[in-house]
Structure formats: structure tokens, C-alpha cells
Protein chains: 2
Amino acid sequence: MARFAAEGFGAPVRAVAADAGVSPALVIHHFGSKERLRHECDQHVLALIRAAKNENIGRAAEGKSFFEAFATVERHAPLVGYLLRSLQAGGTVARSFVDQMLTDSEQYTAAAVEAGVARPSRDERARARYLTLSALGALLLSVTLDPPADPADLTAYVRRFFTESYLPMIELYTEGFLADRRMLDDYLLYVSDPPRGEES
Amino acid sequence: MARFAAEGFGAPVRAVAADAGVSPALVIHHFGSKERLRHECDQHVLALIRAAKNENIGRAAEGKSFFEAFATVERHAPLVGYLLRSLQAGGTVARSFVDQMLTDSEQYTAAAVEAGVARPSRDERARARYLTLSALGALLLSVTLDPPADPADLTAYVRRFFTESYLPMIELYTEGFLADRRMLDDYLLYVSDPPRGEES
DNA sequence: CTCGGTGCTGAACATGCGTTTAGTGTGCTG
DNA sequence: CAGCACACTAAACGCATGTTCAGCACCGAG
């Protein structure tokens, strides 16, 4: 039933009731109010996310290519749609989802650094936050700017977005973007010796 | 008058009318409809953006530190607010703004590459798009997840966001994230010789 | 069969929205 | 002063929304 709600958050109760094949009065009677319905869906979605994560842990935790990631997305298509809507609108699901993703990301990068796969950062937490917000934000902005005509095509859309973004992303991740260290060193010098005492 | 509209797009005509100190009927009478008001504001904002860009070209086009960028943001605070709302909601302003930003970005990176400041990419356009969407998207997602209590604090919020993101960003841009070339080379090998013929 | 509970519905209600309309003052023109 | 256009408003309308209410059909228990 939660998947109906992914047709939009501002969307009328009558529509989700019609999708469920019941009267609008029933869904209100059952959930108490629209807000409570939203809350219930949020809880359900968060539970589904936890389940999906566990399921993925059960699978090959190591050799996960991004083909498997695509498969995961397609398997949980409505969930992804709901999540994107949430990220667009804000709210508790979005918050806790991103928070969880941040800690996960931090954990993963820590492991990657320890394994010698990733370079260490001067501020691991800030890097994890930046990388996560960038990746999610790019996807979010992309779907916001030109949303798929048919919401059912969302998985195809996500797939296309990632195949288009993968090259520049992995290029940036391995080779960087700037040719010299000047900007970084300038900044490091700046933070170690702030020129003006206006801010701490 | 356009700045009133930045209090939200779904927001009632009555509110913006009250902010303008006039009756709701007048604004409708003057603009024809709410949609047309929105369109008018969009045009106005796009014009303001062009003006701001020209203004910035007039200033030190080269030695632009990001202090000046902050100053620019603060000088055009309502504009930035409107833009963020637009990016959140989608629509024509968001589209044309991002499109313009993409071509600008492509142009800048091309110049930077030619000047030897930036590394060349295997797909300059894709990289410009990725970098732009990531940067904008990260900011957008950040303000969506925990919006400033007072919309007037938005410039402070933007400032904080960038100061927090600058280190990981510049670090990533100069040093990269991955320690070895394996993922990139694997991908390059993959695209040069796709294993399955399902997609072109 | 009757009774009561339960899942459910159609019609109504209140509210807030964008918009329309009739009308009012105000100032400019002759 | 008369006429008129114009900026503006108060009140209403039509519509969609979330929500409520009285009642309907079913169904197991007595």
C-alpha cells in the first residue's frame, strides 16, 4: 500500500484511495488522518530500506559491481521513487535516510582507506558528507530538472543517469580535476593561519 | 516585487499580496493569473541573473577568491533564494539556469584545461554536467534536508555550507579519492569492449 | 431469525485556494 | 463641473481538498 503514496506527497487522498480500490473515507478512518498515513508510509519505507540493506549484506558484499546495484534499484523501484520524492520534499524519511547513508559512507570509506583502496582525507566525516550529498544531490537535481514522463520509467532513468555519470565520476575520483596543488595548499595554508580574525 | 515570491511557490496569492500591501484581487488583475505571475517572476529572475553575471565580469574576472563569491551571494540574497526554490520545484527557470550554468562550466573548464590548471577529461561535456549537478545538487539537498529556520538566514547558510564543503571538495579535486587506477581502467576496458550486446 | 459489531461507502461539511465581479474612490481631461 | 479611465478593494463564486457522519451490507453469535 505504501507504493501508492509514491505518486506524490501533495497528491489527494482520493487518488491513493482510488488506486487502492477503496473509498477516501476508509483510508482516513483506518489511518486517522493523512498526516498519519504519511508517517505510517515513512516508517514502512524505513523498514524496507533496512530490509533491503540486510538483503544486500547477504549477497556478495565484496564483488558488488554496479550491475548488482542496478538490479537492487529495479527490485525496489517503488521504494526508490518514494525516497526521491522524500528527498525532494524534505521530511523525516529523507533525514534519517541520509543520516544513515552518511554513517554507512563514513564506515565504507574508513574501510577503504584502511585497505589502501582510497586515499585518506584530512576530515573523513566532512568528506563522507560531501561525497554523499553530491552523489544524491546530483541524482535528485537531475530528476527534478527533467522528470521522466512516466514515473514507472524511473528505474530506467536512474540507470541512464548513472551510466552517464559514471565516467566523469570515476575519472574525478581517480585522477582528480585540478592539475596542480596550488588551490589545496593555499587553502590549507589559509586555515592554518587565518588572515583575518573575524571568524573563529 | 519578485522577492516576495521567494517565500514559496505553492504559497497563496493572498500572502504575496499582503506582503506587497495590496489586495489579492489586484495582483491577479495585474498579472492575469498566478501562473503568469510566476512566469513574470521567472523572466525577471533570469534577467537579474544575466545582470549579475555581467556585473561580475566587470569585476576582477581572474583573481576571484571565494570571498567575492560570498559577497556576490549576499548581494543577491533573494535571487539565490528564488533560485534554490526553483531548483527544488523544477520548472523553466531552473532548467534554463542550469543549462546556462552547464555551458558556462564547460567553457571555464575548457579554458582551465588549456591553461594547464585542470586535467583534461575523456568527455568534457559529461564532466561539466557531472560537476555542476553535483555541486548544485549537494547544496540543494543540504538546504532541503535541514532548511534554515529563518529564510533570511539563507546567505549565512550558503556560506556555512561552502566553508564546510570546501576542504573535501578541493581535496577531491586535487588528490582524487581512489588510491589506484583499477576501477577507472576496468571501466575504460569495459566501454571499449562491452561484454554483452544488449545495449549499444 | 435477531442482534450487534465491523468494514465500508456516498453524501455532506469546512476550509483554503485562485479567480471574478461589482463597485469605490481618485485624479486627469475636457 | 462633468466625464472618464484607472488603481484598487470587498465580497462572493467555483473548485478541490481533508475530514466527518449517517447508514448500508455482511457475518458470526445467541
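Computed from a predicted model, the values in this text were never measured in an experiment. By convention in this document, chain letters (A, B, ...) are assigned in the order of the sequence lines, proteins followed by strands, and residues within each chain are numbered from 1.
Here C:dG18 presents its C1' atom at 12 Å from CG of B:Leu37, a figure rounded to the nearest Å. The interatomic distance linking B:Leu26 (CG) with C:dG18 (C1') rounds to 15 Å, in whole Å. Distance, B:His29 NE2 to C:dT19 C1': 13 Å, rounded to whole Å.
Within 6.0 Å of CD on B:Gln107 lie no more than 12 heavy atoms contributed by other residues, nucleotides or ligands.
Residues B:Tyr130 and B:Tyr187 fall within the same hydrophobic cluster, defined by Ile, Leu, Val, Met, Phe, Trp and Tyr side chains chained together at heavy-atom separations under 4.5 Å.
No side-chain N or O of B:Tyr190 forms a donor-acceptor pair with one of B:Asp185 less than 3.5 Å apart.
Ring geometry for B:Phe70 against B:Phe162 counts as tilted: the plane angle lies between 30° and 60°, on a 0 to 90° scale.
Scanning all heavy atoms of the two residues, the minimum distance from B:Gln88 to A:Thr144 falls at O-CG2, 3.6 Å.
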Scan nucleotides 14-18 of chain D against the protein and return all N/O pairs shorter than 3.5 Å with their distances rounded to 0.1 Å.
from	atom 1	to	atom 2	distance (Å)
D:dG18	OP1	A:Val13	N	3.4
D:dG18	OP1	A:Lys34	NZ	2.6
D:dG18	OP2	A:Val13	N	2.8
D:dG18	N7	A:Arg14	NH1	2.9
D:dG18	O6	A:Arg14	NH2	3.3

